[in-house]
Amino acid sequence: MRVLINNISTLCNTEDANSFVERRSGAGMAQLPCIQNAWLIAENGIIHSMGTMDSKPEMHADETIDATGRMVLPAWVDSHTHLVFAAPRDGEFVDRIKGLSYEEIARNGGGILNSARRLNEMDEQLLYDQSLERLYKVMATGTGAIEIKSGYGLCLEGELKMLRVIRRLKENVAIPIKASFLAAHAYPIEYRQNKVGYIDLIINEMLPVVAGEGLADYIDVFCEEGFFSVADTERIMDAGARHGLKLKIHANQLHHSGGVQVGVKHGAISVDHLECVGEEEIAALQGSNTMPTLLPGAAFFLGMHYQPARKIIDAGLPVCLATDYNPGSCPSGNVPLLLSIACTQLKMTPEEAINAVTINGAAALEMSNELGTIKVGKKATLILTKPIPSLAYLPYDYGNNNIERLIY
Ligand code: NIG
Ligand code: FE
């Protein structure tokens, strides 16, 4: 199957066939190589060739797309989501408007525990059907690869139910999906006085099954005051690593919790959230390969202060952006909206923000060799925009859908 796209006004974030960009960092995040007035051929889902319209070879194609006035970008790689969940939490949204904090709601048995109750009551097929619908919805706004976490089961059966749903999504939807095992998301009520007991359950009962059945690519921990301490996090990460799971951490969302430092120390692929990041966390990240992943959609929705993206970039580090799509802190998986928040609130330029959700998203999922830039040999998972006057127009025109389709 050969697809030819003609008259692309801008082919965005291209890479030479003989180079290898794993991620873009610091000042390099402003680089977004583009080809104007371009064509591209995809063959059996892989980018076959590209160039400028004045040098277009004669080639037969099974499908020809005229992209006049439109741009083509690498699909968004959303490297942090909780897309599998049972029910919205709009009641808590109103409670927060009236003055309760996210942490107070969690302490009162709401928040993640509320989602866990609903998920454990729900039939697996319905959970799958709802999750599939959500996945197609984010694909329509340009997401072409995604990470999805467990963490609303908080018991063996519930966690397995979520991971099995993610596995079915992997099997049935033709975009790359990675799964993270996040049983260490909150302590179930019955373990509130026996936290060690819950960690033992994760390590001794859940992990062997999850790893044995190959249900997860990563292990994740919510390292935060009132949730899992640095010591708890280390125990869980060590156990995950023994089972061959790479690490991701929910770090520094609500406090300077030490999550960034412990993630770096254990070679985490990424540390995610980072609302509370200062000099010490930045120093820890320098010289490491751990990706700082910012989730400003959660800061927006919870009305918190934003992540210091400029400080991180100015320190020479990469920044990855992800949605955190979940029913509590960010009920949106819409990447174009995330780009708008990143530009207006975090003061990232459109080029930096686009790198953060393409090549740096790919790096956060260890997929830079397949995704994240438009390069011969990589997956032809591409965004075709509607007619737009500039790249900056994407984050500028916030709340509107300028994605015509995802090609995959
Ligand atoms: O990344 N902070 C921890 N976990 C999720 C939110 C989970 C929830 O509120 O349901 C997050 O924001
Ligand atoms: Fe999250």
Side-chain angles (χ1 to χ4, degrees), residues 78-93 95-96 100-120 131 134 138 146-154 158-159 162 166 178-188 218-229 232-233 236 247-255 257 259-260 263 268-277 291-307 320-333 338 341 361 364-365:
D78 192 353
S79 65
H80 180 136
T81 82
H82 310 249
L83 172 138
V84 173
F85 59 86
R89 303 215 303 263
D90 42 319
E92 293 177 7
F93 168 63
D95 291 342
R96 281 194 294 102
L100 277 183
S101 73
Y102 182 72
E103 284 169 283
E104 282 164 342
I105 291 169
R107 271 201 300 275
N108 297 339
I112 295 165
L113 295 186
N114 176 356
S115 285
R117 261 190 311 275
R118 300 297 296 270
L119 185 126
N120 281 305
S131 304
R134 266 179 224 129
V138 299
I146 195 165
E147 181 260 17
I148 309 173
K149 299 174 195 297
S150 71
Y152 292 130
L154 309 182
E159 289 294 304
M162 290 188 78
I166 301 171
K178 294 232 172 166
S180 298
F181 173 51
L182 176 61
H185 199 189
Y187 290 99
Y218 301 104
I219 186 158
D220 194 340
V221 180
F222 186 19
C223 180
E224 187 55 71
E225 286 178 26
F227 292 84
F228 294 80
S229 70
D232 299 337
T233 303
I236 296 161
L247 315 171
K248 284 183 170 281
I249 302 196
H250 278 72
N252 297 54
Q253 179 187 11
L254 308 172
H255 302 96
S257 58
V260 168
I269 302 300
S270 68
V271 285
D272 303 23
H273 260 297
L274 310 192
E275 282 83 339
C276 303
V277 154
M291 176 65 76
T293 296
L294 312 186
L295 312 174
F300 166 77
F301 194 69
L302 296 181
M304 287 188 59
H305 57 86
Y306 286 98
Q307 295 83 355
C320 170
L321 288 164
T323 63
D324 198 20
Y325 190 8
N326 76 77
S329 65
C330 185
S332 165
L338 169 68
I341 297 173
L365 294 184

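Ligands are counted one by one from 1 in listed order, and the atoms in each one are counted from 1 as well. Everything numeric here is computed off the predicted structure, so don't read it as measured data.
With hydrogens and angles ignored, the 3.5 Å screen pairs no side-chain donor or acceptor of Glu225 with any backbone N or O of Leu254.
None of Ile148, Leu295, Leu321 except one satisfies the side-chain contact (heavy atoms from CB on, under 4.5 Å) rule with His80; the exception is Leu295.
Nearest approach of Tyr306 to Ile341, heavy atoms of both residues: CE2-CG2, 3.7 Å. Heavy-atom minimum distance, Asn326 versus Gly328: OD1-N, 2.7 Å. The minimum heavy-atom distance linking Asp78 with Leu365 is given by the pair O-CD1, 4.5 Å.
Nearest protein heavy-atom contact of atom 4 (N) of ligand 1 is His185 NE2, 2.8 Å. Regarding atom 11 (C) of ligand 1, its nearest protein heavy-atom neighbour is Asp324 OD2, 3.1 Å. In this structure, the protein non-hydrogen atom closest to atom 12 (O) of ligand 1 is Ser329 OG, 2.6 Å.
Atoms CD and CG, on Glu159 and Asn120 in that order, are 8.5 Å from each other to the nearest 0.5 Å. Atom CD1 of Ile249 sits about 10.5 Å away from atom CD1 of Ile219, to the nearest 0.5 Å. With rounding to the nearest 0.5 angstrom, the CG atom of Asn108 is 8.0 Å from the CD1 atom of Ile105.
Around the Fe ion (ligand 2), the protein N, O or S atoms closer than 2.8 Å are His80 NE2, His82 NE2, His250 NE2, Asp324 OD1, listed by chain and residue number.
Per-residue contacts place Gln253 under 4.0 angstrom from the following atoms of ligand 1 (heavy atoms of the residue considered): 2 (N), 3 (C), 12 (O). Within the listing of ligand 1, atoms 6 (C), 7 (C), 8 (C), 9 (O), 10 (O), 11 (C), 12 (O) sit less than 4.0 angstrom from a heavy atom of Asn326. Contact atoms of ligand 1 toward His80: 1 (O) (distance under 4.0 Å to a heavy atom of the residue).
Note on ligand 1: Glu224 sits outside its first shell, no heavy atom being nearer than 4.0 Å. Contact between Tyr152 and ligand 1 is present, with at least one heavy atom of the residue lying under 4.0 Å from the ligand. Distances from ligand 1 to the non-hydrogen atoms of Tyr102 include at least one value under 4.0 Å.
Counting heavy atoms from C-beta on, the side chains of Ile166 and Glu147 never come closer than 4.5 Å.
Ring pair Tyr187/Phe228: centre-to-centre distance below 6.0 Å.
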